[in-house]
Amino acid sequence: MRILEYLTYIDKELKKGTKDNDFSYWEEHDLAVNYHSFEEENAYLARDMNDTLPDICEQMEPGMESEKFHHELLVEVNRLLSLLDD
């Protein structure tokens, strides 16, 4: 999986309204599984993603209000996408 594909998928799902606990779990999982390939593609961006995305996803727990999670993750994904374009 490439960084652009990963971030675009998250962006698409968030815009579609996906914001539950399973989504946050799988995004953390996908980042961990793909970290080394992300690092080979762009080490700086991979470290940045690893520093920020898990902290945001960790906030989401079953039964919790997900609006804050949704907003924070969308803002962060858009920031990371803008770095990818640079």
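Here the side chain of His70 pairs a donor or acceptor atom with the backbone of Leu14 at under 3.5 angstrom. Counting only distance, with no hydrogens or angles, the side chain of Asn42 and the backbone of Leu45 share a donor-acceptor pair below 3.5 Å. Formation of a donor-acceptor pair under 3.5 Å by the Ser37 side chain with backbone atoms of Asn34 is found in this model.
The shortest non-hydrogen separation linking Met60 to Ser24 is CB-OG, 3.4 Å.
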Exercise for review: Show the numbers, then the answer: is there a side chain to side chain contact (heavy atoms under 4.5 Å, CB included) between Glu27 and Tyr6?
Suggested key: CA-CA 9 Å; Glu27 291 320 307; Tyr6 173 72; 3.4 Å; yes

Does the pair Gln59 and Glu72 meet the rule for a side chain to side chain contact (heavy atoms under 4.5 Å, CB included), with working shown?
CA-CA 10 Å; Gln59 299 174 45; Glu72 287 181 15; 2.8 Å; yes

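Sorted by first and then second residue, the pairs that involve residues 33-50 and meet salt bridge (charged side-chain N to carboxylate O under 4.0 Å, His left out), not counting sequence neighbours, are Arg2-Glu41, Asp48-Arg79.
Under the 4.5 Å side-chain heavy-atom criterion for ILVMFWY residues, no single connected hydrophobic cluster contains both Tyr35 and Val77. Linking Ile, Leu, Val, Met, Phe, Trp and Tyr whenever their side-chain heavy atoms come within less than 4.5 Å puts Leu74 and Tyr9 in one cluster. Transitive grouping of hydrophobic side chains (ILVMFWY, heavy atoms separated by less than 4.5 Å) keeps Leu4 and Val33 in distinct clusters.
Counting heavy atoms from C-beta on, the side chains of Asn50 and Phe38 never come closer than 4.5 Å. Taking the side chain as every heavy atom from C-beta outward, Cys57 and Phe69 approach each other to under 4.5 Å. Asp30 has its side chain out of reach of Ile10: every pair of non-hydrogen atoms, C-beta onward, lies at least 4.5 Å apart.
For the atom pair Leu7 CG and Leu31 CG, the distance stands at 9.0 Å (nearest 0.5 Å). A distance of 10.5 Å separates CD of Glu28 from CD1 of Ile56, quoted to the nearest 0.5 Å.
Between Leu80 and the choices Leu53, Val75, Ile3, Asp11, the side-chain contact (heavy atoms from CB on, under 4.5 Å) rule is met once, by Leu53.
Trp26 and His29 have perpendicular rings, their planes meeting at more than 60° on a 0 to 90° scale where under 30° would count as parallel.
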